[in-house]
Number of protein chains: 2
Amino acid sequence: MATVTAAEKRDQAKNAYNAFLAVCPSRQLLDRISDKWVVLILCALGGDADGGIGEPAAMRYSELSRLIAGVSQKMLTQTLRALERDGLVTRTVTPTVPVTVDYALTDLGLSLYRTTRRLRHWAQDHMDEVRILREHYDADH
Amino acid sequence: MATVTAAEKRDQAKNAYNAFLAVCPSRQLLDRISDKWVVLILCALGGDADGGIGEPAAMRYSELSRLIAGVSQKMLTQTLRALERDGLVTRTVTPTVPVTVDYALTDLGLSLYRTTRRLRHWAQDHMDEVRILREHYDADH
DNA sequence: GTGCGTACTTCCCAAGAGAGAGTAACTCTC
DNA sequence: GAGAGTTACTCTCTCTTGGGAAGTACGCAC
């Protein structure tokens, strides 16, 4: 009876998750990360604020709130707490008056940021094309 | 007065879109593609159904419905129509009885699929890690 | 006749997002 | 002193949209 190597264990673990299945935990995780606020928050913390030139950096709640136009206080708080729970973001409270709270990507968060950054770029890079295709669709329907 | 080259025009167009701004069209596009059903539909049409080994292929509505566990008829229809309008998916109706409708990725859809595939993989590959981090978070709160 | 398949369409209700204001503690300006 | 600003939330009410379920028309099998 051969023992299972660590690499084999990892392969088995991979095959155990299938996000197409509603009951699979990875599905719930995929549902969570396929969320517009998650995408924008990770991009902000990843340093995309000034067009993609920056480095990952800690940001304050109020900075995030100002940068991500349209996010409600409730959704920002809720999403940041969820990201913290999933280990994607650190939340560092400094007992100043008023209190200051810094949020920053963890290594895990950084690994996901590299994909959400692509999503944002895709939306910006293909906006013109999609716009035209929408007009064609609307003319035909 | 130098004329603007095509490459410069493209650069300018890129700078014109900023998905952090709520009023920017690319923001609405990002909101659309940062959607769990979009991600799963693109992965299904991209050939991920059998674990990532397949090729992009046309699929029927009913095939998609069966593969993507938990999607309602309403959300599947609604999302497919939106993807068609954006030019990411083709919808081909064959007047059989009953009717058969095939959905397939366009080239544009394929380009986005390459990123949504990464999202799905990330969720599956990091599920164990996130699970442990959640337990740590819950123990601390 | 009943049940299956096809791909939607429709209706009602539930869940969660959105909007706005409140909280505490402090600082600054008039 | 009053009022406005800052910080990062918390709370309440309203509205939007997703979820759930059933309906539609036609052909085929039993």
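Here is the naming used below: chain letters follow the sequence lines, and residue numbers restart at 1 for every chain.
A/Ile68 and A/Trp37 get closest at one heavy-atom pair: CG2-CZ3, 3.9 Å.
The side chain of A/Lys74 has C/dA19 as its nearest neighbour among C/dC8, C/dA19, C/dT6. Comparing C/dC8, C/dG18, D/dC9 by their nearest atom to the side chain of B/Arg91 picks out C/dC8. In the set C/dC8, C/dT6, D/dA8, the nucleotide with an atom closest to the side chain of A/Tyr61 is D/dA8. For A/Pro98, counting side-chain heavy atoms from C-beta on, the closest listed nucleotide (D/dT6, C/dT9, C/dA7) is D/dT6. The B/Ser62 side chain lies nearest to C/dT6 when the options are C/dT6, D/dG19, D/dA8. The A/Val97 side chain lies nearest to C/dC26 when the options are C/dC26, D/dG27, D/dG19.
Between A/Tyr103 atom OH and D/dT7 atom P there is a gap of 13 Å when expressed in whole angstrom units. When the P atom of D/dT6 is taken as reference, atom CZ of A/Arg60 falls 12 Å away, rounded to whole Å. We find that CG of B/Leu76 is positioned 17 Å from P of D/dA21, with the value rounded to whole Å. The CD atom of A/Gln78 sits 14 Å away from the C1' atom of C/dA19 (whole-angstrom rounding). We find that CG of B/Leu80 is positioned 14 Å from P of D/dG18, with the value rounded to whole Å. Whole-Å rounding puts the B/Trp37 CH2 to D/dT17 C1' distance at 14 Å. The distance between atom CZ of B/Arg66 and atom C1' of C/dA7, rounded to the nearest whole Å, is 12 Å. Across the protein-nucleic acid pair, A/Leu64 atom CG and D/dT7 atom P stand 12 Å apart, rounded to whole Å.
No donor-acceptor distance shorter than 3.5 angstrom exists from the side chain of B/Asp86 to the backbone of B/Leu88, with no hydrogens or angles considered. Counting only distance, with no hydrogens or angles, the side chain of A/Thr106 and the backbone of A/Gly87 share a donor-acceptor pair below 3.5 Å.
Looking only at atom types and distance, the side chain of B/Gln28 has no donor-acceptor partner in the side chain of B/Arg32 under 3.5 Å away.
With salt bridges taken as basic N to acidic carboxylate O contacts below 4.0 Å, none links B/Asp138 and B/Arg134.
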